[in-house]
2 protein chains.
Amino acid sequence: MHVSKNSKSPPPSFFSTLREKGLRPTKQRNCVFRVINEKQDHPTADDIFVRVRRRLPTISFATVYNCLETLVGCGLVKQVNIDREPARYCSNLNPHAHFKCIKTGKIFDLPLDDLVLSKIASILPRGFNADHFDLSFSGTLTDLN
Amino acid sequence: MHVSKNSKSPPPSFFSTLREKGLRPTKQRNCVFRVINEKQDHPTADDIFVRVRRRLPTISFATVYNCLETLVGCGLVKQVNIDREPARYCSNLNPHAHFKCIKTGKIFDLPLDDLVLSKIASILPRGFNADHFDLSFSGTLTDLN
DNA sequence: GCTGTAAATGGAATTATTCCAATTAAAAAG
DNA sequence: CTTTTTAATTGGAATAATTCCATTTACAGC
């Protein structure tokens, strides 16, 4: 597994990233991308559909799914899968884990520093080449987090 | 998060565990439990249904799901959720992560020692009380793992 | 402005899982 | 050991997230 220097990387350009892959930066893709970046609340495809519809009232559900697939494939957003729940989408591209509060359903990003990342990578035996990993917690929050 | 001593714990008694919770150790539950323990290959509910049917030809799919829910709820088996795929079930009750080979689909258990467990626990900020966590990798295997 | 390709659209299809009402089996009580 | 109570099983229908498909629309290069 590749463990990068953990300095916050600049937000990738929506346009150049798509163009580099020969994909078109359509208004639907752009709108889905912006909606995810506007509010860091880990929306589901459903949530995103509702928000995008306010700006593009004729967009279809299929298109939202298509856009999400494209954006995830390009690395412009991350898909978050926790347990068996509907997928959520996340604009945080820095290495992080997720914590889900089972009382409120709210999801929190937990940044992972290089030390932790290398510790996690060290779990892998020789010959196991991970190109992706997921770490998620669920539990409760004390106080008023 | 609780970090236990990592000595292999004895396999929990199917009967006593259910009894303690006021649940009945039925032949269906027992059969599902045994099927999962016989072959450590992370079967899906579907796989389990097929295997159990060989011994209990009248068991229904709903019952397999009910049994799995019960067994997971009792801590007798673990449910493994990787990405958006059908849930898999696992008899390994010791702390471990999962690695999925994207070529073969095969899933491997990666044991987690106390040092790694405490490092993982250290990610949690104060006030975040995890009662559960999931760590999974996906990638490819070099050689003949 | 044409032409070819990619993307968007709406609706149907899929699939894992859950729900429900009726039946059966197990435990408890007598 | 029979009756009663309660829990579990069953089959089928329902649900819900996601994917598929055929058609239409939009964009890019010529």
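Naming: A, B, ... by sequence-line order, numbering from 1 per chain.
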### Task
Calculate the interatomic distance between B:Arg29 atom CZ and D:dA7 atom P; express it in whole Å.
11 Å

### Query
Are B:Phe108 and A:Phe128 near enough that their ring centres are under 6.0 Å apart?
yes

### Message
Can you tell me which nucleotide in C:dA26, D:dT18, C:dA8 comes closest to the side chain of B:Arg24?
### Response
C:dA26

Using a 3.5 Å cut-off and no angle test, enumerate the donor-acceptor pairs between side-chain atoms of residues 25-37 of chain B and protein atoms at least two apart in sequence or in another chain.
from: B:Thr26; atom 1: OG1; to: B:Arg29; atom 2: N; distance (Å): 3.2
from: B:Arg29; atom 1: NH1; to: B:Arg24; atom 2: O; distance (Å): 2.8
from: B:Asn37; atom 1: ND2; to: B:Phe33; atom 2: O; distance (Å): 2.8

### Task
Would you indicate, yes or no, if D:dT9 has its OP1 or OP2 atom less than 4.0 angstrom from a side-chain nitrogen or oxygen of B:Thr26?
yes

### Message
Please report the distance, rounded to the nearest Å, between CG in A:Asp83 and C1' in C:dT17.
### Response
15 Å

### Message
If you take any heavy atom closer than 4.0 Å to DNA chain D, which residues from residues 55-69 of chain A end up in contact?
### Response
A:Ala62, A:Tyr65

### Residue that, paired with B:Asp41, satisfies salt bridge (charged side-chain N to carboxylate O under 4.0 Å, His left out) out of B:Arg51, B:Lys106, B:Arg88
B:Arg51

### Ion pair check, B:Glu38 and B:Arg55, cut-off under 4.0 Å
yes

### More than 12 heavy atoms of other groups within 6.0 Å of B:Glu69 CD
no

### Message
How many whole angstroms separate atom NZ of B:Lys27 from atom P of D:dT10?
### Response
7 Å

### Query
If you measure from the Lys or Arg side-chain nitrogens to the Asp or Glu carboxylate oxygens, is any gap between B:Glu85 and B:Lys100 under 4.0 Å?
yes

### Query
To the nearest angstrom, how far is A:Asp46 atom CG from D:dA16 atom P?
11 Å

### Task
For the helix from C:dG1-D:dC30 to C:dG30-D:dC1, measure the angle between the helix axis at one end and the axis at the other, each built from five pairs, rounding to 10°.
30°

### Query
With no hydrogens and no angle check, do the side chains of B:Thr44 and B:Asp47 hold a donor and an acceptor under 3.5 Å apart?
yes

### Task
Specify the separation, in whole Å, of atom CG of B:Asn30 and atom C1' of D:dA8.
15 Å

### Separation of atom CZ in A:Phe49 from atom C1' in C:dA8, rounded to whole Å
13 Å

### Query
For the pair made of CZ in A:Arg19 and P in C:dA7, what is the distance, rounded to whole Å?
11 Å

### Query
Between C:dT17 and A:Arg84, is there an OP1 or OP2 to side-chain N/O distance shorter than 4.0 Å?
yes

## Note on the structure
ring-ring contact (aromatic ring centres under 6.0 Å, His included) with A:Phe49: of A:Phe61, A:Tyr65, A:Tyr89, only one passes, and it is A:Phe61

#### Entry: Nearest to side-chain heavy atoms of B:Leu23, which nucleotide of C:dT5, D:dT10, D:dA8
D:dA8

## Note on the structure
Rounded to whole Å, the CZ-P distance (A:Phe33 to C:dA7) equals 17 Å

### Message
Of the options D:dG11, C:dT9, C:dA27, whose atoms approach the side-chain atoms of A:Gln28 most closely?
### Response
C:dT9

### Task
Report yes or no: do B:Asp109 and B:His42 form a side-chain donor-acceptor pair below 3.5 Å?
yes

